[in-house]
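No hydrogens, no waters, no symmetry mates; every other heavy atom, side chains included, goes into these values.
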Amino acid sequence: MGSVRRGAFAPSGSGLVEADFGAGTTEAPERAGARVRKVHSMLGATDPDAGERYGVDEPDLLLWVHCAEIDSCLQVARRSGFRLTDEQADTCIGEHRVSARLVGLDPDAVPANQAEIAACSRRCSANWPSRPRPAKWTTSSHRPPTHPLLVPARELLWRRVAHLAYAALPPYAHEPYGRPAPEPATVTRQLRATDTLLRCVPARVRRQLPPQHFLRATARLGPDSRPAPYKLGR
């Protein structure tokens, strides 16, 4: 297999932050993709309206999840104050067609820019249920199962995060829950305030927050793998 340069971009006050994890082979993501596809092949759900059973690896469903994930990241980043040009956004969307292939999608059938993402969202949302469904997200998102000792922290912090995540949904995504969409300007102010607050956390603390596999990777690859701020285009 060939080698790749693994990196991830995140908002920065003056541009972008690249988490550069050094050189690695394509074998690891290919193996991970194979595991994801295997898990998907064993999972299914039932349409509550039609009563039909379907697999979670159906192309249309995978495509919707992929588009929603990428578009959500871009929209929340921009509304949080991250300066992202249309060209950079299109580049990000195009590059994520690699991850779409790993979960079982045909990269050529996956949106490659913002216009195609928007068109896909319109097509998918047109098939959403016309009648409101119970807002089960209130329990699952705001009060996820957790250790009893962590319940106070969940009530104090996580519910706020979950509420803001729900509020940041586009207006059409609020309709199936039977709740009016909050004022976009208010949500944008909250996102920017949250972004400002999180940036007050020292970098040495933030680096201890990612999952353990992230920490093991940075420890294995050495100090050069630490995130370093810089601007795109330099």
Please give me the minimum heavy-atom distance between [X] and [Y], naming the atom from each residue.
X    : Y    : value
S41  : K38  : OG-O, 2.5 Å
L191 : S80  : CB-OG, 3.7 Å
A89  : L84  : CB-CD2, 4.0 Å
A181 : P171 : CB-CA, 4.0 Å

[atom1]/[X] to [atom2]/[Y] distance, rounded to the nearest 0.5 angstrom?
X    : Y    : atom1 : atom2 : value
H66  : E69  : NE2   : CD    : 7.5 Å
T188 : R79  : OG1   : CZ    : 3.5 Å
H96  : T91  : NE2   : OG1   : 12.0 Å
R160 : T194 : CZ    : OG1   : 10.0 Å

Is there a side-chain contact between [X] and [Y] (heavy atoms, below 4.5 Å)?
X    : Y    : value
P111 : L63  : yes
L102 : P29  : yes
P182 : Y166 : no
L74  : I93  : yes

[X] side-chain N/O to [Y] backbone N/O, donor-acceptor pair under 3.5 Å:
X    : Y    : result
H163 : R159 : no
R192 : V187 : no
D71  : I117 : no
Q88  : T85  : yes

L62-M42 co-clustered via ILVMFWY side chain contacts under 4.5 Å: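 No, it is not one cluster - the side chains of L62 and M42 are not joined through contacts under 4.5 Å.
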Are L43 and Y54 co-members of a hydrophobic cluster defined by side-chain heavy atoms under 4.5 Å apart?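 The answer is yes; both residues are in one hydrophobic cluster.
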Taking it one step at a time, do D86 and R78 satisfy salt bridge (Lys or Arg N to Asp or Glu O under 4.0 Å)? CA-CA 11 Å; D86 287 338; R78 280 174 156 167; 3.1 Å; yes
If you measure from the Lys or Arg side-chain nitrogens to the Asp or Glu carboxylate oxygens, is any gap between E30 and R101 under 4.0 Å?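 Counted as a salt bridge, because a side-chain N and a carboxylate O are separated by less than 4.0 Å.
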Hydrogens and angles aside, do T196 and R199 bring a side-chain donor and acceptor to less than 3.5 Å of each other?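 No, R199 and T196 have no side-chain donor paired with an acceptor closer than 3.5 Å.
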Full working for side-chain contact (heavy atoms from CB on, under 4.5 Å) between R37 and D57: CA-CA 8 Å; R37 294 193 298 273; D57 59 351; over 6 Å; no
